[in-house]
Number of protein chains: 2
Amino acid sequence: MSAMAAQEPVRRPGGRNARVRTAVCEAVLDLLHEADWDDLSIAQVAERSGVHQATIYRRWGTLGALVDDVVTEQLTRSSPVPDTGTLRGDLEAYAVQVAEDVAGPLGPVFLRAALVGTRPEGEPSKQVYLLERGTQLQKMLDRARDRGENPPTLLELLEVILAPLYFHAMFFERPTNAHHARTLVDRLLALSEKK
Amino acid sequence: MSAMAAQEPVRRPGGRNARVRTAVCEAVLDLLHEADWDDLSIAQVAERSGVHQATIYRRWGTLGALVDDVVTEQLTRSSPVPDTGTLRGDLEAYAVQVAEDVAGPLGPVFLRAALVGTRPEGEPSKQVYLLERGTQLQKMLDRARDRGENPPTLLELLEVILAPLYFHAMFFERPTNAHHARTLVDRLLALSEKK
DNA sequence: ATCTTAACGCGAATAGTCTTGCTTTAAGCG
DNA sequence: CGCTTAAAGCAAGACTATTCGCGTTAAGAT
């Protein structure tokens with residue numbers, strides 16, 4: 001269980017507070033599995049979670065902010081970056097993992113959440129998640145370098161592997177599969193060799 | 001001006017019909033320049049366009065469908081695929097063009113529209129636009145082949161150039177610039193040479 | 001054990017969204 | 001030029017979503 005994402009409460013971190021949060025998050029995920037984001041409403045979440053509507057409005061304000069919060073938590077808690085001993089192994093494991101996530105029922109929700117500007121002020125929006133993940137991936141690349149391999153930059157990794165996977169999820173219904181993920185890894189490694 | 005997208009009316013293609021459509025589309029674009037999609041409402045569009053709310057509800061049903069329609073029309077009418085005489089020239093012109101579009105105020109709207117499932121039944125959703133554009137791009141690649149160049153496949157083009165540009169628009173606020181676009185073209189051409 | 005108070009639950013009030021029946025306008029046709 | 005009729009305008013009304021005040025609960029502290 002991680003710390004609050006929406007807003008750091010000055011006190012009362014655990015207990016009922018957390019129970020409500022958990023119930024709401026679960027309800028949102030449940031409902032998103034059953035129907036599209038567009039069909040989701042705060043009233044529904046309230047009913048499903050047993051938490052009163054007013055509470056949800058008070059804590060999250062809008063549906064967009066709520067979904068964004070839930071998605072962020074999901075992504076943050078998601079599996080660690082792999083460490084298989086070889087760059088290729090790491091990349092393949094990672095790519096396959098992302099391909100699965102993005103092809104899953106929540107794939108479109110994740111992507112759409114990135115596009116919904118919910119953070120009111122400052123808040124670097126998505127960067128929160130991306131930076132954390134970016135750091136982990138950078139470590140993966142560093143490990144490869146330490147082994148004497150010739151890894152790509154983080155940006156190259158994002159552009160050559162992540163971007164196409166997301167792109168497919170956005171525009172083609174067909175799920176991106178493991179084979180495709182491996183093709184992308186080949187492409188990235190080919191680029192690195194070349195340099 | 002293209003034919004209806006929402007639903008082919010059995011009769012009455014031009015005249016007032018078209019005037020209303022134009023007014024509404026313009027209003028939507030206007031408003032999307034001034035504020036986010038989330039702040040947009042049908043009531044607003046009605047006021048700005050001078051078209052009655054009920055009319056908009058009857059023709060488009062939901063805000064999502066309306067925005068989707070407008071966006072699709074925008075994308076469809078957008079500039080033709082370049083023909084500069086060289087593959088590299090074509091690719092660069094195309095990439096720079098896309099980079100500009102996607103970094104513009106409507107960039108996020110375009111992307112988000114792709115994620116909103118508005119088409120009720122069958123309707124291949126985005127494929128409509130993507131296929132048309134795909135066809136044009138394929139022709140561009142064919143021209144290169146006819147000249148004796150060694151062009152990439154359409155899929156490679158989409159994955160190596162388009163996908164990263166979209167990715168940047170989604171996750172980094174920083175506008176993708178022309179320089180970045182050219183880097184991507186280099187990468188794509190490097191891949192083709194290698195084969 | 002008791003106190004303090006942030007957060008919750010509840011129901012009512014408000015505001016905003018969407019639908020509907022009817023009237024009016026004007027495009028396309030004879 | 002005058003019909004016919006799809007589509008637009010209008011306004012009332014139904015339905016949702018959102019906010020608010022107030023009483024209640026329970027977490028954290030003494």
Side-chain angles (χ1 to χ4, degrees), chain A residues 1-28 31-32 35-70 73 116 118 120, chain B residues 1-28 31-32 34-70 116 118 120:
Chain A
M1 220 121 305
S2 75
M4 293 299 100
Q7 50 181 324
E8 196 70 50
V10 197
R11 293 168 58 182
R12 313 276 170 123
R16 178 170 67 164
N17 202 322
R19 262 196 317 278
V20 166
R21 172 167 232 276
T22 305
V24 170
C25 289
E26 266 176 26
V28 169
L31 291 165
L32 282 176
D36 280 349
W37 180 329
D38 300 287
D39 305 325
L40 195 64
S41 74
I42 290 194
Q44 261 179 101
V45 175
E47 193 182 5
R48 178 71 64 104
S49 65
V51 171
H52 199 276
Q53 273 190 246
T55 299
I56 301 179
Y57 277 108
R58 275 193 278 250
R59 280 187 66 162
W60 286 278
T62 70
L63 192 70
L66 172 57
V67 174
D68 184 63
D69 187 21
V70 171
E73 170 148 347
V116 177
T118 45
Chain B
M1 220 120 305
S2 75
M4 293 299 101
Q7 50 181 325
E8 196 69 50
V10 199
R11 294 167 58 182
R12 312 275 172 124
R16 176 169 68 163
N17 203 322
R19 257 192 324 273
V20 166
R21 173 168 233 275
T22 305
V24 170
C25 290
E26 269 177 23
V28 169
L31 291 166
L32 282 176
E34 294 165 20
D36 280 350
W37 181 329
D38 300 287
D39 305 326
L40 194 65
S41 75
I42 290 194
Q44 261 179 101
V45 175
E47 193 182 3
R48 178 72 62 105
S49 65
V51 171
H52 199 277
Q53 270 190 257
T55 300
I56 300 179
Y57 277 109
R58 274 193 276 252
R59 279 186 66 161
W60 285 279
T62 69
L63 192 70
L66 172 56
V67 174
D68 184 64
D69 187 22
V70 171
V116 177
T118 45

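Order of the sequence lines fixes the chain letters, A, B, ..., with proteins taken first and strands second; residue numbering starts at 1 for each chain. Just so it is clear, the values below take in all heavy atoms, side chains as well, and ignore hydrogens, waters and symmetry mates.
The line from CG of A/Asp39 to CG of A/Leu32 is 10.0 Å long, rounded to the nearest 0.5 Å. In this structure, B/Gln53 CD and B/Gln44 CD are separated by 11.0 Å, a value rounded to the nearest 0.5 Å.
Rounded to whole Å, atom P of C/dC18 lies 12 Å from atom CG of B/Leu66. Taking atom CG on A/Asn17 and atom C1' on D/dG28, their separation rounds to 12 Å, with Å as the unit. Summarising the geometry, the separation between CD on B/Gln53 and P on C/dA15 is reported as 17 Å, rounded to the nearest angstrom. When rounded to the nearest whole Å, the span between CD1 of B/Ile56 and P of D/dG9 equals 9 Å.
Here the closest non-hydrogen pair linking A/Ala27 and A/Val45 is CB-O, 4.0 Å. Pairing each heavy atom of B/Leu40 with each of B/Leu63, the nearest pair is O-CD2, 3.4 Å.
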Where do N or O atoms of nucleotides 20-22 of chain D meet protein N or O atoms at under 3.5 Å, pair by pair?
unit_1 : atom_1 : unit_2  : atom_2 : d
D/dG21 : O6     : A/Arg58 : NH1    : 3.4

Polar atom pairs between nucleotides 14-16 of chain D and protein, under 3.5 Å, N or O only, would you list them?
none

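Between B/Arg19 and B/Leu63, the one whose closest nucleotide on DNA chain C sits nearer the 5' end is B/Leu63.
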side-chain contact (heavy atoms from CB on, under 4.5 Å) between B/Val20 and B/Arg59, worked out: CA-CA 10 Å; B/Val20 166; B/Arg59 279 186 66 161; 4.1 Å; yes
Derivation and outcome, side-chain contact (heavy atoms from CB on, under 4.5 Å), residues B/Trp60 and B/Val24: CA-CA 11 Å; B/Trp60 285 279; B/Val24 170; 3.8 Å; yes
B/Asp68 vs B/Val116, side-chain contact (heavy atoms from CB on, under 4.5 Å): CA-CA, chis, key distance, verdict: CA-CA 8 Å; B/Asp68 184 64; B/Val116 177; over 6 Å; no
side-chain contact (heavy atoms from CB on, under 4.5 Å) between A/Arg21 and A/Asp69, worked out: CA-CA 11 Å; A/Arg21 172 167 232 276; A/Asp69 187 21; 2.5 Å; yes
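Of all nucleotides listed (D/dA8, D/dT18, C/dT17), C/dT17 comes nearest to the side chain of B/Tyr57.
Less than 4.0 Å separates DNA chain D from at least one heavy atom of each of the following residues of residues 40-49 of chain A: A/Ser41.
Taking the side-chain contact (heavy atoms from CB on, under 4.5 Å) definition, one finds that A/Glu26 meets it with A/Thr22, sequence neighbours left out. Remark: A/Arg48 engages A/Asp30, A/Glu34 in a side-chain hydrogen bond (donor to acceptor under 3.5 Å, both in side chains) (not counting sequence neighbours).
The end-to-end axis angle of the helix from C/dA1-D/dT30 to C/dG30-D/dC1, rounded to 10 degrees and based on five pairs per end, is 40°.
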